[in-house]
Colleague: 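Structure below; questions to follow.
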Amino acid sequence: MGLAQLLDLIKTWAEGVINQMGYFGLSLVMFLENVFPPIPSEVVLPLAGNLTNSGDFSMFGVVFWGMIGSLLGAYLFYGLGVLFNEDKLRRFVEKYGKWAMITVEDFDKAIEFFDKYGPFTIFFGRMVPIVRSLISIPAGMHRMKLLPFTLYTIVGTSLWNIILAVAGKVLGPQWPKVIEWIDVYQNIVIVLILILVVWFALTRVKRIIQQNKK
């Protein structure tokens with residue numbers, strides 16, 4: 001099955017759930033979108049935004065109930081992060097990190113970074129495909145306070161929802177074009193992540209070579 005066929009199936013399924021269950025259905029689909037990233041928000045929210053043109057939904061309702069579903073999904077991943085806590089991950093890095101060229105020092109720097117920029121990471125992460133679902137895990141592992149986690153999740157998720165829902169409303173029957181735009185955005189994100197991974201690997205190899213020369 002190709003990607004286009006998969007998206008058509010998701011579109012048909014999501015439309016059926018939203019039409020039959022209303023706002024609750026929208027929340028359910030958005031919750032599942034967070035738990036199972038193959039269900040993309042760039043399909044669900046423009047579709048819901050388009051349905052506001054018929055008067056069955058309001059833009060406020062779409063954004064609000066979509067946010068509720070996303071927030072519940074974020075809480076689930078936050079809870080997983082709490083279970084797989086910082087101490088367990090540090091021990092894992094100590095034991096197996098060398099195979100990925102990651103040291104405990106790298107881990108501590110990452111924790112320090114989250115200490116300093118955690119709230120902004122949560123906020124901006126909510127608007128980045130792939131990252132938006134998983135960003136809650138390090139927040140839970142780091143035991144980020146639940147109130148700021150909730151507030152930044154609400155604001156970041158709501159902004160993302162508004163962008164997609166309004167695009168779906170404005171485009172009307174042509175709302176699937178939003179998927180094409182998000183695909184470009186997602187590809188840029190993937191390229192940037194790959195560049196960071198390559199840069200990280202090269203710096204670690206260089207460090208190992210320098211240490212072996214001493």
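Quantities reported herein were computed from a predicted structural model and do not represent experimental measurements.
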Colleague: Could you tell me the separation between the CE atom of M127 and the CG atom of N161, rounded to the nearest 0.5 Å?
Modeller: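 Answer for the CE-CG pair, M127 versus N161, is 11.0 Å.
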
Colleague: Look only at the side chain of S158 and the backbone of V155, and say whether a donor-acceptor pair between them is shorter than 3.5 Å.
Modeller: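 It does not hold such a pair.
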
Colleague: Closest heavy-atom contact between V62 and A165?
Modeller: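 Where V62 meets A165 most closely, the heavy atoms are CG1-CB, 3.9 Å.
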
Colleague: Walk me through it: do L80 and M141 pass the test side chain to side chain contact (heavy atoms under 4.5 Å, CB included)?
Modeller: CA-CA 8 Å; L80 291 175; M141 291 176 60; over 6 Å; no

Colleague: Report the hydrophobic cluster partners of V166, with the cluster defined as I, L, V, M, F, W, Y residues connected by side-chain heavy atoms closer than 4.5 angstrom, directly or transitively.
Modeller: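 Reading the cluster by chain and number, V166 sits alongside M59, V63, I162, V170.
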
Colleague: A48 and L26: which non-hydrogen atoms are nearest, and at how many Å?
Modeller: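 Answer, listing the atom of A48 first, then L26: CB-CD1, 4.1 Å.
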
Colleague: Name all residues meeting the side-chain contact (heavy atoms from CB on, under 4.5 Å) criterion together with F31; count only those two or more places apart in sequence or in a different chain, and write none if there are none.
Modeller: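 Partners of F31 under the side-chain contact (heavy atoms from CB on, under 4.5 Å) test: V35, L72, L76.
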
Colleague: Does M144 offer a backbone N or O that forms a donor-acceptor pair with the side chain of Y78 under 3.5 Å?
Modeller: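 Confirmed, Y78 side chain pairs with M144 backbone.
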
Colleague: Once side chain to side chain donor-acceptor pair (under 3.5 Å) is applied, do any residues pair with T157, and if so which ones, sequence neighbours excluded?
Modeller: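 Side chain to side chain donor-acceptor pair (under 3.5 Å) check on T157 returns nothing, list empty.
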
Colleague: Do you know the tightest heavy-atom contact between A139 and I122?
Modeller: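 Closest pair (atom of A139, atom of I122, distance): CB-CD1, 3.8 Å.
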
Colleague: Once ring-ring contact (aromatic ring centres under 6.0 Å, His included) is applied, do any residues pair with F84, and if so which ones, sequence neighbours excluded?
Modeller: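 Testing F84 for ring-ring contact (aromatic ring centres under 6.0 Å, His included), a comparison that skips the adjacent residues, returns none.
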
Colleague: Tell me who clusters with L83, hydrophobic residues only, linked when side chains sit under 4.5 Å apart either directly or through other members.
Modeller: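 Members alongside L83: none; it stands by itself.
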
Colleague: Just verifying a value: how many Å separate Y23 OH and I18 CD1, rounded to the nearest 0.5 Å?
Modeller: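 If I round to the nearest 0.5 Å, the distance is 11.0 Å.
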
Colleague: Just how far is it from atom CG of L51 to atom CG of N19, taken to the nearest 0.5 Å?
Modeller: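 Nearest 0.5 Å value for the CG-CG distance: 5.5 Å.
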
Colleague: State the CH2-CZ distance between W160 and F124, to the nearest 0.5 angstrom.
Modeller: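 The CH2 atom of W160 sits 13.5 Å away from the CZ atom of F124.
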
Colleague: Once rounded to the nearest 0.5 Å, what's the spacing between atom CG of L28 and atom CD1 of I68?
Modeller: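 L28 CG to I68 CD1: 13.5 Å, rounded to 0.5 Å.
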
Colleague: Residues two or more places apart in sequence or in another chain: which of them pass side-chain contact (heavy atoms from CB on, under 4.5 Å) with A74?
Modeller: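 A74 satisfies side-chain contact (heavy atoms from CB on, under 4.5 Å) with R126, S136, F149, T153 only.
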
Colleague: Only counting residues at least two apart or in another chain, list the ones meeting side-chain contact (heavy atoms from CB on, under 4.5 Å) with L151.
Modeller: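 Partners of L151 under the side-chain contact (heavy atoms from CB on, under 4.5 Å) test: L147.
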
Colleague: Run the ring-ring contact (aromatic ring centres under 6.0 Å, His included) test against F123 and tell me which residues pass, sequence neighbours left out.
Modeller: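 Testing F123 for ring-ring contact (aromatic ring centres under 6.0 Å, His included), a comparison that skips the adjacent residues, returns none.
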
Colleague: Can you list the residues that meet the ring-ring contact (aromatic ring centres under 6.0 Å, His included) rule with F24, with sequence neighbours excluded?
Modeller: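 Per chain and number, F24 pairs via ring-ring contact (aromatic ring centres under 6.0 Å, His included) with no residue.
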
Colleague: Can you check side chain to side chain contact (heavy atoms under 4.5 Å, CB included) on K169 and N50, steps first, answer last?
Modeller: CA-CA 4 Å; K169 180 179 180 64; N50 177 50; over 6 Å; no

Colleague: With sequence neighbours excluded, tell me which residues meet side-chain contact (heavy atoms from CB on, under 4.5 Å) with T150.
Modeller: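 Checked T150 against side-chain contact (heavy atoms from CB on, under 4.5 Å); matches are L71, Y75, L146, I154.
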
